[in-house]
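Each chain gets a letter, A, B and so on, in the order the sequences are listed, and its residues count up from 1.
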2 protein chains.
Amino acid sequence: MAAADHKVETTRLTLLGSFAGYFLRRASQRFAAGFADTVGPMGMRQVLFGVLTVIHDNPGIRQGAAGEALGIQRANMVSLVNELVDRGLVERRVSESDRRAFALELTPAGKVLVEQGVERIRGNEDELLAPLTPTERRTLLDLLSRLDGSAG
Amino acid sequence: MAAADHKVETTRLTLLGSFAGYFLRRASQRFAAGFADTVGPMGMRQVLFGVLTVIHDNPGIRQGAAGEALGIQRANMVSLVNELVDRGLVERRVSESDRRAFALELTPAGKVLVEQGVERIRGNEDELLAPLTPTERRTLLDLLSRLDGSAG
DNA sequence: TATTGTTATACTCTATAACTATA
DNA sequence: TATAGTTATAGAGTATAACAATA
């Protein structure tokens with residue numbers, strides 16, 4: 001509160017402000033925090049929910065393929081899928097065509113949780129994307145998806 | 001190899017594909033990986049380099065203010081600044097106006113490292129942003145910065 | 001009483017290497 | 001021999017609570 005301080009100016013981020021990586025990281029963190037606030041109470045984390053939705057969209061998908069689509073390494077998929085199976089959200093059965101692999105499917109409880117989670121996430125994203133117009137939001141989604149090599 | 005598998009289709013990400021948070025997380029991860037590849041050999045990590053640039057842009061900034069600008073909590077700033085000081089990149093001295101606080105400044109070595117790092121990061125970002133036109137890159141940066149509440 | 005920096009601690013996410021069982 | 005999943009482990013990032021010195 002001392003008026004003796006001559007530094008009331010705003011902190012400058014000149015260098016960082018030119019890097020997409022910086023803004024991506026900050027934005028990602030804020031979306032993760034919002035996710036934790038809104039979907040976290042359901043016992044869901046971003047990664048875990050990601051796995052759930054890939055299974056939702058690709059019933060019977062193999063564990064490895066699910067991880068690959070999400071950029072999750074095989075080793076790290078194990079405990080994630082274990083957690084989902086233990087909670088009764090995912091059913092894991094040995095693949096008929098390849099007995100090394102697991103085919104994953106959502107249980108009814110898993111489907112319900114996905115639906116509820118999607119609702120909450122949409123609400124959260126609407127808040128975080130509030131500074132942008134609907135058109136700008138679509139643009140952002142398009143640009144981000146194209147960064148991934150996806151067609152969007 | 002087994003042609004018996006009727007599932008050669010691409011994995012669908014219908015649900016995730018509508019969430020900005022998902023693409024932000026993936027993009028952020030890829031930029032972080034690129035950073036690690038190009039700037040990592042200099043012993044730099046994204047967060048550490050962020051601290052360095054804020055000090056670069058705001059010589060004499062207090063430790064707490066630097067952390068606040070970057071979204072880093074006080075408790076986590078300690079070891080980061082320690083690391084930078086130990087490496088001779090940052091000078092930390094007790095603030096004249098508030099003896100509880102530290103004023104941070106770059107050493108000559110710190111300044112050099114920032115310049116070199118910036119070069120490498122630009123190169124890395126150019127690669128990662130290759131799918132976008134220059135106009136689209138500016139648009140992306142603008143949209144992302146506005147998500148943060150910054151003016152851009 | 002509030003704030004700056006500190007310590008200790010815990011949890012999540014990601015990465016690597018070595019193992020097994022199937023192919 | 002290659003692949004699917006597993007185990008163990010390590011590192012980085014972030015979060016909270018309690019503390020000391022100073023305001």
Side-chain angles (χ1 to χ4, degrees), chain A residues 1-5 7 21-22 24-26 28-37 39-40 43-51 61-68 70-85 90 92-104, chain B residues 1-5 7 21-22 24-26 28-37 39-40 43-51 61-68 70-85 90 92-104:
Chain A
M1 19 198 72
D5 256 329
K7 291 210 153 193
Y22 171 68
L24 285 171
R25 209 166 70 86
R26 292 299 301 271
S28 179
Q29 285 172 345
R30 297 178 60 226
F31 273 72
F35 189 101
D37 287 344
V39 196
M44 271 294 133
R45 288 161 282 150
Q46 276 184 314
V47 188
L48 209 56
F49 193 78
V51 176
I61 191 173
R62 292 206 253 142
Q63 186 168 314
E68 192 179 11
L70 297 168
I72 304 172
Q73 307 211 358
R74 281 198 310 272
N76 296 326
M77 280 294 289
V78 181
S79 61
L80 293 173
V81 173
N82 279 344
E83 191 174 344
L84 293 172
V85 170
V90 164
R92 171 179 47 191
R93 56 169 220 278
V94 173
S95 168
E96 302 171 3
S97 54
D98 185 342
R99 288 194 326 223
R100 296 171 300 183
F102 284 142
L104 307 176
Chain B
M1 25 230 73
D5 254 330
K7 289 210 153 193
Y22 171 68
L24 285 171
R25 209 166 70 85
R26 292 300 301 272
S28 179
Q29 285 173 345
R30 297 179 59 226
F31 273 71
F35 189 100
D37 287 344
V39 197
M44 272 294 132
R45 290 160 280 150
Q46 276 184 315
V47 188
L48 210 56
F49 194 78
V51 176
I61 192 173
R62 293 206 253 138
Q63 186 168 314
E68 192 179 12
L70 296 169
I72 304 173
Q73 307 211 358
R74 279 197 312 271
N76 296 326
M77 278 294 287
V78 180
S79 61
L80 293 174
V81 173
N82 280 343
E83 191 174 344
L84 293 172
V85 170
V90 164
R92 170 179 47 191
R93 56 169 220 276
V94 173
S95 168
E96 303 172 3
S97 56
D98 185 341
R99 289 193 326 225
R100 294 171 301 182
F102 284 142
L104 306 177

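- Between B:Gln73 and D:dT16 there is a side-chain polar atom (N or O) within less than 4.0 angstrom of OP1 or OP2.
- In the set C:dG5, D:dA12, D:dT6, the nucleotide with an atom closest to the side chain of B:Arg45 is D:dA12.
- Distances were taken from every side-chain heavy atom of B:Ala75 (C-beta onward) to each of C:dT4, D:dG13, C:dA8; the shortest belongs to C:dA8.
- For D:dA12, neither phosphate oxygen OP1 nor OP2 lies less than 4.0 angstrom from any side-chain nitrogen or oxygen of B:Gln46.
- The CD1 atom of B:Ile72 sits 9.0 Å away from the CG atom of B:Leu48 when rounded to the nearest 0.5 Å.
- Atom CZ in A:Arg25 sits 9.0 Å away from atom CZ in B:Phe35 (nearest 0.5 Å).
- Nearest nucleotide to the side chain of A:Gln63, out of D:dA4, D:dG5, C:dA17: D:dG5.
- For the pair A:Leu80 CG and D:dT6 P, the computed distance is 11 Å after rounding to whole Å.
- Rounded to an integer number of Å, the gap from CZ of A:Phe31 to C1' of C:dT12 is 20 Å.
- Atom CG of A:Asn76 is separated from atom CG of A:Leu70 by 12.0 Å, given to the nearest 0.5 angstrom.
- The B:Val78 side chain lies nearest to C:dT6 when the options are D:dG13, C:dT6, D:dT6.
- Residue B:Phe102 contributes atom CZ, which lies 11 Å from atom C1' of D:dA21 at whole-angstrom precision.
- Under the 4.0 Å criterion applied to side-chain N and carboxylate O atoms, A:Arg62 and A:Glu68 are not assigned as salt-bridge partners.
- Closest approach to the A:Arg100 side chain among D:dT22, D:dA2, C:dT6 is made by D:dA2 (side chain taken as heavy atoms from C-beta onward).
- Spacing between atom CG of A:Leu104 and atom C1' of D:dA4 amounts to 12 Å, rounded to whole angstrom units.
- At the phosphate of C:dT4, neither OP1 nor OP2 sits under 4.0 Å from any side-chain N or O atom of B:Arg99.
- Regarding A:Met77, its CE atom lies at a distance of 16 Å from the C1' atom of D:dT3, rounded to whole Å.
- With DNA chain D read from its 5' end, the first of the two nearest nucleotides for B:Asn76 and A:Ala101 is the one closest to A:Ala101.
- Taken to the nearest 0.5 Å, the CE atom of B:Met77 stands 8.5 Å off from the CG atom of B:Leu84.
- We find that CD of B:Glu68 is positioned 12 Å from C1' of C:dT3, with the value rounded to whole Å.
- Here C:dT4 is the nucleotide among C:dT4, C:dC13, C:dA17 with the atom lying nearest to any side-chain atom of B:Asp98.
- Note: CZ (A:Arg92) to C1' (D:dT6) measures 11 Å, nearest angstrom.
- Distance, A:Arg93 CZ to D:dG5 P: 13 Å, rounded to whole Å.
- Projected onto DNA chain D by closest heavy-atom contact, A:Asn82 and A:Arg25 fall at different nucleotides, the more 5' of which corresponds to A:Asn82.
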